There are 2 protein chains.
Amino acid sequence: MFSHTVEYALRAVAALAEDWERPHAVQKIAERTKMPNDYLAKVMQALCRAGVVRAIRGRHGGYQLEQAPEKLSLLDVINAVDPIKRIERCPLGLSGHGANLCPLHRRLDDAIRETENAFRYTNLGELLQSTGPVRPLCPIEQTGSLINVAF
Amino acid sequence: MFSHTVEYALRAVAALAEDWERPHAVQKIAERTKMPNDYLAKVMQALCRAGVVRAIRGRHGGYQLEQAPEKLSLLDVINAVDPIKRIERCPLGLSGHGANLCPLHRRLDDAIRETENAFRYTNLGELLQSTGPVRPLCPIEQTGSLINVAF
DNA sequence: GCTCAATCGGACATCTTTGTCCAGCTTAAA
DNA sequence: TTTAAGCTGGACAAAGATGTCCGATTGAGC
């Protein structure tokens with residue numbers, strides 16, 4: 001239901017959010033999040049243009065979140081790379097409807113709106129903090145030991 | 001959020017549902033629903049293979065719903081052409097997680113599940129019958145007069 | 001049996017998404 | 001000032017989604 005690009009963007013910001021006040025190189029993020037390096041580079045550029053992350057060029061540069069994870073909603077990230085489009089008007093282009101959708105498109109748009117809201121009201125900070133009965137963080141193997149990361 | 005193919009499939013079954021006990025030719029459906037004739041033909045074949053509609057070949061043939069509109073959910077239609085995929089396991093392929101999703105993917109999957117349910121519990125019959133304060137059916141111009149159709 | 005309307009299904013064209021490659025620019029640090 | 005790490009952006013390749021075309025096949029009605 002969501003594009004690869006969205007999935008990648010979310011993984012990337014989740015990785016940045018763990019230590020958001022310093023820059024992380026694309027290559028490091030790519031290793032961490034197991035996605036194609038060069039494609040991630042494009043995604044990061046998009047996130048940068050959208051103001052979600054900041055690019056620090058030059059040696060020891062990289063990308064870092066523009067704001068604290070608590071201030072960044074999942075919807076911000078999604079809309080930065082692959083905006084969720086509500087159904088504004090009759091897709092059949094029937095004249096004289098304006099915003100009056102038929103029952104079918106009303107249902108579809110309702111579902112889109114619910115999804116939009118679910119992501120609007122979830123911020124990155126929550127995801128990092130969340131703990132539950134079932135272990136919430138994915139462990140990842142790194143140089144022999146297990147550490148918790150945010151996906 | 002939904003593919004063109006899904007949109008087309010839904011329009012098509014909505015058109016069939018209005019008079020579901022007789023076959024409708026692809027060309028008629030295409031005119032009615034304003035979509036490309038030949039592409040619709042492919043979509044209808046998919047719906048047929050999935051058991052949503054029945055094909056009647058030969059002269060005076062066409063497609064008709066396999067069941068009454070009340071028995072067909074929007075999810076049936078969607079899954080016939082472009083299945084909604086839940087997130088079953090960690091997309092990063094991290095070992096040792098099984099069904100334990102991290103908070104990010106849990107959120108994503110929750111949203112997908114909600115969407116799935118919204119469509120699972122809406123049937124075509126409801127859409128045709130629904131009347132509300134705002135006019136629920138799209139009027140479509142046909143040979144000079146206005147008639148109501150289900151989109 | 002013949003004809004014609006209609007589906008069937010393969011081939012192909014086009015566009016978008018995803019993924020790759022690389023030369024050039026920027027900047028920290030030696 | 002030189003070097004190397006790292007982003008920038010253009011070009012391009014591969015794959016999938018969408019759209020088009022057309023001959024083959026089916027079956028109702030004459």
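Keep in mind that this is a model prediction, so the values were computed, not measured. In what follows, chains carry the letters A, B, and so on, assigned in the order in which the sequence lines appear, proteins first and then strands, with residues in each chain numbered from 1.
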Please check if any side-chain donor atom of Glu126(A) sits under 3.5 Å from a side-chain acceptor atom of Asn123(A), or the reverse.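 Looking only at side-chain atoms, Asn123(A) and Glu126(A) do form a donor-acceptor pair, the distance falling under 3.5 Å.
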Check: Thr5(A)/Asp82(A) side-chain N/O donor and acceptor closer than 3.5 Å: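 No pair is found: no donor N or O on one side chain lies under 3.5 Å from an acceptor on the other.
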How about CD on Gln27(A), more than 12 heavy atoms from neighbouring residues, nucleotides or ligands closer than 6.0 Å, or not?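 At most 12 heavy atoms, drawn from other residues, nucleotides or ligands, come within 6.0 Å of this atom.
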Excluding sequence neighbours, so at least two apart, what forms side-chain hydrogen bond (donor to acceptor under 3.5 Å, both in side chains) with Asn79(A)? none
Run the salt-bridge test on Arg106(A) and Asp110(A) with the 4.0 Å N-O cut-off and return the result as yes or no.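 Yes.
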Could you pick out which residue, Val6(A) or Ala55(B), lies toward the 5' side of DNA chain C when each is mapped onto its nearest nucleotide? Ala55(B)
Contact boundaries on DNA chain C for chain A, cut-off under 4.0 Å to non-hydrogen atoms: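 First-to-last contact on DNA chain C, by the 4.0 Å heavy-atom rule, is dT18(C) to dA29(C).
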Taking the side chain of Arg59(A) as heavy atoms from C-beta outward, which of dA5(D), dG19(D), dT8(D) is closest to it?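 Nearest to the side chain of Arg59(A) among the choices is dA5(D).
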When you measure from the side chain of Tyr63(A), which nucleotide among dT18(D), dC7(D), dA28(D) comes out closest? dC7(D)
Can you sort out which residues in residues 35-47 of chain A have a heavy atom within less than 4.0 Å of DNA chain D? Ascending by number, please. Lys42(A), Gln45(A)
Which side-chain N or O atoms in residues 40-59 of chain B pair as donor and acceptor under 3.5 Å with protein atoms at least two apart or in another chain?
residue, atom, partner, partner atom, Å
Arg54(B), NE, Glu66(B), OE2, 3.3
Arg54(B), NH2, Glu66(B), OE2, 2.9

Side-chain donor or acceptor of Asp109(B) paired with backbone N/O of Ile87(B) under 3.5 Å: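 Side chain of Asp109(B) to backbone of Ile87(B), a donor-acceptor pair under 3.5 Å: yes, one is there.
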For His4(B) and dG16(D), give me the distance from atom NE2 to atom C1', rounded to whole Å. 15 Å
Qualifying ring-ring contact (aromatic ring centres under 6.0 Å, His included) pairs with a residue from residues 36-61 of chain A, counting only residues at least two apart or across chains: Tyr8(A)-Tyr39(A)
So what does the secondary structure string of DNA chain D come out as, 5' to 3', with Watson-Crick or wobble pairs under 3.5 angstrom, [ ] for crossing and | for pairs with another strand? ||||||||||||||||||||||||||||||
